Amino acid sequence: MDTFMYRCLKIHLSRLEIWAARGTRTVVIAGVPAGLLEDELLADILTIHFQRSRNNGGDVEQVTYPTRKAGVAYVTFEDAGVVERVLKKDQHLLQDKRLPGPFPLTVTRYCHQAFLRVTSTLSMVVFRDHLVLEDLVEEMKQQSPALSFGPLQRDGHIAVQGPFPALRVLRDFLLLKAKSLPEEDRRERKPHQRPRRKLQEHRGAAEMRNSTRNAQREKQVLVLDTDIYHYMKHFHAKALQRNDAVISGVTDGDITTVTIESAADAQGLKAKKMIENYSVELQKILRKERICFKEPTRAGRQRLRQLCERLKPHYPRVLIIPYDTHLDVVGTSADVLGFTEEVKRLSR
């Protein structure tokens, strides 16, 4: 990875840290009386409400209103400690002489991006015959300071955890390393050290591999966060369906490996780039909330799933991913908040 790319990665990680820090100072407000007053005036009334000491408030840095969801606003405080005080207040009533009456507000903690940190297990076996794995791991640590590395196992596997964009950069770094291995290997070998017959056999095998490769379709591989992959598959299916390529995904926990097979390398690269662009855009806006089953029985799980299905038409851009012990709800922050609050209210 050159200096420029490394500098860009550091800048990107710094921005992620800034947004993560800001999220700890933000609350989500539902129940804002939309349409009664001008948006700017409502934002000012919200600012006044959450700055008052009787509401356990404090200095407000920013009020984001309107948002994509009607009646939902975001309030960011200058001090993260104000968030805890505001959440402890039993009831927030928005009152102002310009409003026809008091309006109860629902205040919840800001839902951070679900795809900020993921864990993956990397296999280093491909490098074992060419590089000292311990040295390669040290190089990886230097290249990716935002990632945390577990101990290198005897079988060549190592666990890595950190921001998904940093894992993607590490993946690209290792792919470049893997591609360079045959060239380095050829440079290290000297032709006169190989018997002529062996050399001919080697050439014949290489020609056979090349002809087989030409007969097969070209392959491109990329790694996506599993929840983003599911959301893309459900709501942006065209990104994963192309006439000139066969696109498939294999899921392993938080990570899904997408393989793109095409007749021409340019087609595969184009499809890969489009999927990556979709992934980046979705990563900016999607959030995830987990709804655990209060009743572990089969009937209890069924009732909660049916309730979610009844609410689904009101939140058409929300994706519900069922598991044995819980449901994951993926969507924009406003949609996820509204959906989960409705589920909690109706399941009491």
Side-chain angles (χ1 to χ4, degrees), residues 15 18-114 116 235 281-289 291 310-319 329-348:
R15 288 174 179 170
I18 291 171
W19 278 104
R22 185 178 178 186
T24 63
R25 297 184 285 112
T26 301
V27 291
V28 183
I29 314 300
V32 180
L36 294 183
L37 300 173
E38 292 183 1
D39 293 337
E40 291 184 5
L41 188 54
L42 274 174
D44 290 340
I45 293 174
L46 286 169
T47 301
I48 294 170
H49 174 89
F50 286 101
Q51 282 182 335
R52 286 176 174 162
S53 57
R54 70 186 186 192
N55 296 321
N56 295 350
D59 292 335
V60 173
E61 178 183 300
Q62 180 181 347
V63 172
T64 304
Y65 183 83
T67 61
R68 295 185 179 186
K69 190 68 177 176
V72 173
Y74 302 105
V75 177
T76 302
F77 298 98
E78 293 183 1
D79 182 5
V82 181
V83 171
E84 302 304 323
R85 298 203 306 265
V86 165
L87 292 172
K88 288 179 181 178
K89 184 174 175 59
D90 292 335
Q91 186 179 36
H92 284 272
L93 289 176
L94 189 65
Q95 302 182 71
D96 189 275
K97 62 182 181 181
R98 291 160 291 189
L99 291 172
F103 288 84
L105 301 176
T106 301
V107 183
T108 55
R109 196 181 303 276
Y110 179 78
C111 181
H112 291 287
Q113 281 190 315
L116 196 60
F235 293 109
E281 292 304 312
L282 291 174
Q283 192 169 335
K284 293 177 183 177
I285 63 172
L286 292 183
R287 305 290 186 270
K288 178 172 71 175
E289 189 71 45
I291 302 176
R310 290 201 305 271
L311 290 174
K312 187 71 171 61
H314 301 288
Y315 299 88
R317 303 299 292 181
V318 160
L319 176 65
V329 182
V330 182
T332 64
S333 197
D335 282 345
V336 167
L337 170 68
F339 184 87
T340 53
E341 286 297 314
E342 283 287 298
V343 171
K344 292 175 183 177
R345 182 178 65 83
L346 295 174
S347 59
R348 286 171 185 166

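From a predicted model like this one, the values you see are computed outputs, not experimental measurements.
- The minimum heavy-atom distance linking Gly57 with Val82 is given by the pair C-CG1, 3.7 Å.
- Between the His92 side chain and the Val86 main chain, a donor and an acceptor come within less than 3.5 Å of each other.
- Minimum interatomic distance between Gln91 and Pro104 (heavy atoms only, all atoms of both residues): NE2-CB, 4.1 Å.
- Ala73 and Tyr65 get closest at one heavy-atom pair: CB-CD1, 3.7 Å.
- Nearest heavy atoms, Arg310 versus Pro313: O-CD, 3.3 Å.
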**Item:** Steps toward side-chain contact (heavy atoms from CB on, under 4.5 Å) verdict (Thr26, Val28)
**Value:** CA-CA 7 Å; Thr26 301; Val28 183; 5.6 Å; no

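- The CG atom of Leu337 sits 4.0 Å away from atom OG1 of Thr108, with the distance rounded to the nearest 0.5 Å.
- To the nearest 0.5 Å, atom CG of residue Leu36 and atom CZ of residue Phe103 are 5.0 Å apart.
- Leu94 approaches Pro33 most closely through the heavy-atom pair CD2-CD, 3.8 Å.
- With a 6.0 Å radius and a threshold of 12 heavy atoms from other residues, nucleotides or ligands, Glu40 has its CD atom at or below the threshold.
- Between Phe50 and the options Leu105, Ile45, Asn55, a side-chain contact (heavy atoms from CB on, under 4.5 Å) holds for only Leu105.
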**Message:** If you apply the rule side-chain contact (heavy atoms from CB on, under 4.5 Å), what do you find for Val330 with Val336, and how did you get there?
**Reply:** CA-CA 7 Å; Val330 182; Val336 167; 5.8 Å; no

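- If you take CD on Gln95 and CZ on Arg52, they are separated by 8.5 Å, rounding to the nearest 0.5 Å.
- Between Val72 and Val32 there is no side-chain heavy-atom pair separated by less than 4.5 Å.
- Scanning both residues, Pro66 and Asp39, for their nearest heavy atoms gives CG-OD2, 3.5 Å.
- In this structure, Leu41 CG and Leu46 CG are separated by 10.0 Å, a value rounded to the nearest 0.5 Å.
- Side chain of Tyr315 to main chain of Gly338: a donor-acceptor pair is present (N/O by atom type, distance under 3.5 Å, no hydrogens or angles).
- One finds the CG atom of Leu99 at 11.5 Å from the CG atom of Leu93 (value rounded to the nearest 0.5 Å).
- Between atom CG of residue Leu346 and atom CG of residue Leu311 there is a gap of 5.5 Å, rounded to the nearest 0.5 Å.
- Without hydrogens or angle criteria, Arg25 side chain to Val83 main chain gives no donor-acceptor distance under 3.5 Å.
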